[in-house]
There are 2 protein chains.
Amino acid sequence: MAKTGGHSRTAIAPALDSLDFALDRGSPVPLYYQLAQQLEAAIEHGVLAPGNLLGNEIDLSVRLGLSRPTVRQAIQTLVDKGLLVRRRGVGTQVVHSQVKRGLELSSLYDDLEAAGQGPTTQVVRNEHVPATADVAAALGIAEGGDVVVLERLRATHGQPVAILCNYLPATLLELDTARLESTGLYRLMRSAGITLHSARQTIGARCATAEEAARLDEREGAALLTMQRTAYDDTGRPVEYGTHIYRASRYAFDFQLLVRP
Amino acid sequence: MAKTGGHSRTAIAPALDSLDFALDRGSPVPLYYQLAQQLEAAIEHGVLAPGNLLGNEIDLSVRLGLSRPTVRQAIQTLVDKGLLVRRRGVGTQVVHSQVKRGLELSSLYDDLEAAGQGPTTQVVRNEHVPATADVAAALGIAEGGDVVVLERLRATHGQPVAILCNYLPATLLELDTARLESTGLYRLMRSAGITLHSARQTIGARCATAEEAARLDEREGAALLTMQRTAYDDTGRPVEYGTHIYRASRYAFDFQLLVRP
DNA sequence: CAGTGGTCTAGACCACTGT
DNA sequence: CAGTGGTCTAGACCACTGT
């Protein structure tokens, strides 16, 4: 039967009393957000330890001079991030083993840039072409419609790591080759005001062809990771379709999933 | 510069007026949840079409006889699911291209079961062993501590697809071999009252060894997808560590990511 | 400018938990 | 039983958007 585990004495975070939250009502930053950030910092620095109870919401709101809904909104932010757990009748506590943070959607960002390995990018192709059937279907445009195709070779430490092939609606933004070689595609899109919202990905594997092997400095038949992805902006419009291959000997996808009830 | 796209006349959903939401205050189901479900159904059935504006929150709350915060809570639920988009000064609209639904975290569930391919599972190993260093680290227990190791061969249509190796804290639940052969591990854990909350995954690829190839009915050197995963319950406790290999010729990971701002 | 969602208040009653 | 988070109300003022 379901034993939730030894439940060894949870105490109200002793540090919480002495913790002085500095809330600035003059700031344009919302109060709930100021509070959430300070709670998050306290958890990050270990001031609030895993398993600590936060103290009930009413007391907390009185102590902070905030209304209860505002305190709840701050807590909800951290619950969404997986840092706090709420239990009715029990209280709100700091999650036991912190899941490694900052990785939530790294695979949506520039895949290698996040690793801090100083990646380099060589743009092999950057031109307008008519959309093939699969590209048109992925981007939700007519077959033969104008799209930009982008092919990049990415390397770290002078070693090739991946061949990235992307298709974008031609009208979406200007893709400057020089800028693409100094930053990631997604960063470029964001700075053009495109807000990425979701993506659908397929990750598979296969053996390298002779040509792929040569370009990636592998032997023929070496294992490759493959990814296809369609990314959508916050209105649900497809904004990018990509087909990537990665050297499995030098790269793996690493990410965290949050289960929403 | 950022053109958000042709913005072709968005109209208030004409259907919204005639849509009668049936809210039952006697029900134990929260009002915001009743509303969210009915809105979701309307979107799903196309009554609310992509791009339609929902009408402002104040009018909506008056019309429904609810307070504005309750209406907001319902809308927020659907925004979180990626079905609605809010824009300050503009309104709330139905997302343009609905992202395929029901896939959000399929890779956290029984990987093949979701595909509806009638998978079969053969339990090769199910016993208590002392934790090795890597298993102990992943599960946050002492090296040499008691863990259950589980090895399963999964197949569809009589063809092997994956070899799944999992480690669980020994005290967590009873793992009945017969039940494991008829259902997935995660389903078993959920029915034992364990609430999965998050997981950290690494997906890579490599070539099959001779022994792996033999067990998976592949040739030596064939591409394999590899996954390592640590799953956590809603208190942040690690509840499972797994090392899986999949035949790349017969399986790929397919999932959707939501970007949270 | 009018209209929208974003934030915030100060309460209320309830369902659930653990002792 | 006392204590907790979950839900809900009826307002208020503001920042931002598009015309």
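Every chain is numbered from 1, with letters handed out A, B, ... down the list of sequences.
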Side chain of [X], heavy atoms from C-beta onward: which of [options] has the nearest atom to it?
X: A:Leu66; options: C:dG6, D:dA10, C:dT9; answer: C:dT9
X: A:Asn56; options: C:dC8, C:dG11, D:dG5; answer: D:dG5
X: A:Leu31; options: C:dC8, D:dC8, D:dG6; answer: C:dC8
X: A:Val90; options: D:dT9, D:dG6, C:dT17; answer: C:dT17
X: B:Arg25; options: C:dT4, D:dT9, C:dC8; answer: D:dT9
X: B:Arg86; options: D:dT7, C:dG6, C:dA10; answer: C:dG6

Distance check needed: [N] [atom2] versus [X] [atom1], whole Å only.
X: A:Gln73; N: D:dT7; atom1: CD; atom2: P; value: 15 Å
X: A:Glu57; N: C:dT9; atom1: CD; atom2: P; value: 14 Å
X: B:Leu35; N: D:dT7; atom1: CG; atom2: C1'; value: 14 Å
X: A:Arg87; N: D:dG3; atom1: CZ; atom2: C1'; value: 16 Å
X: A:Gln93; N: D:dG5; atom1: CD; atom2: C1'; value: 13 Å
X: A:Arg72; N: D:dT4; atom1: CZ; atom2: P; value: 14 Å
X: B:Ile58; N: D:dC13; atom1: CD1; atom2: P; value: 13 Å
X: A:Gln76; N: C:dC8; atom1: CD; atom2: P; value: 15 Å

What does the 5'-to-3' dot-bracket notation of DNA chain C look like when only Watson-Crick and G-U wobble pairs under 3.5 Å count, and pairs to other strands show as |?
||||||||||||||||||.

Is any side-chain N or O of A:Arg68 under 3.5 Å from a base N or O of D:dG6, one able to act as donor and the other as acceptor?
yes

Check if the side chain of B:Arg88 and the base of D:dG18 share a donor-acceptor pair of N or O atoms closer than 3.5 Å.
no

Which residue, B:Gly91 or A:Pro30, contacts DNA chain C at a nucleotide closer to its 5' end, judged by nearest heavy atom?
B:Gly91

Got a donor-acceptor contact below 3.5 angstrom from the A:Gln38 side chain to the A:Ala22 backbone?
yes

Are [X] and [N] close enough that a side-chain N or O sits under 4.0 Å from OP1 or OP2?
X: A:Thr92; N: D:dG5; value: yes
X: A:Ser67; N: C:dG11; value: no
X: A:Tyr32; N: C:dT7; value: yes

Verify the distance criterion only: is there a donor paired with an acceptor across the side chains of B:Arg200 and B:Gln228 at less than 3.5 Å?
no

When you compare the side chains of A:Tyr232 and A:Glu240, does any donor N or O come within less than 3.5 Å of an acceptor on the partner?
no

Test log, rule salt bridge (charged side-chain N to carboxylate O under 4.0 Å, His left out), inputs A:Glu181 and A:Arg152:
CA-CA 9 Å; A:Glu181 300 206 327; A:Arg152 294 169 294 163; over 6 Å; no

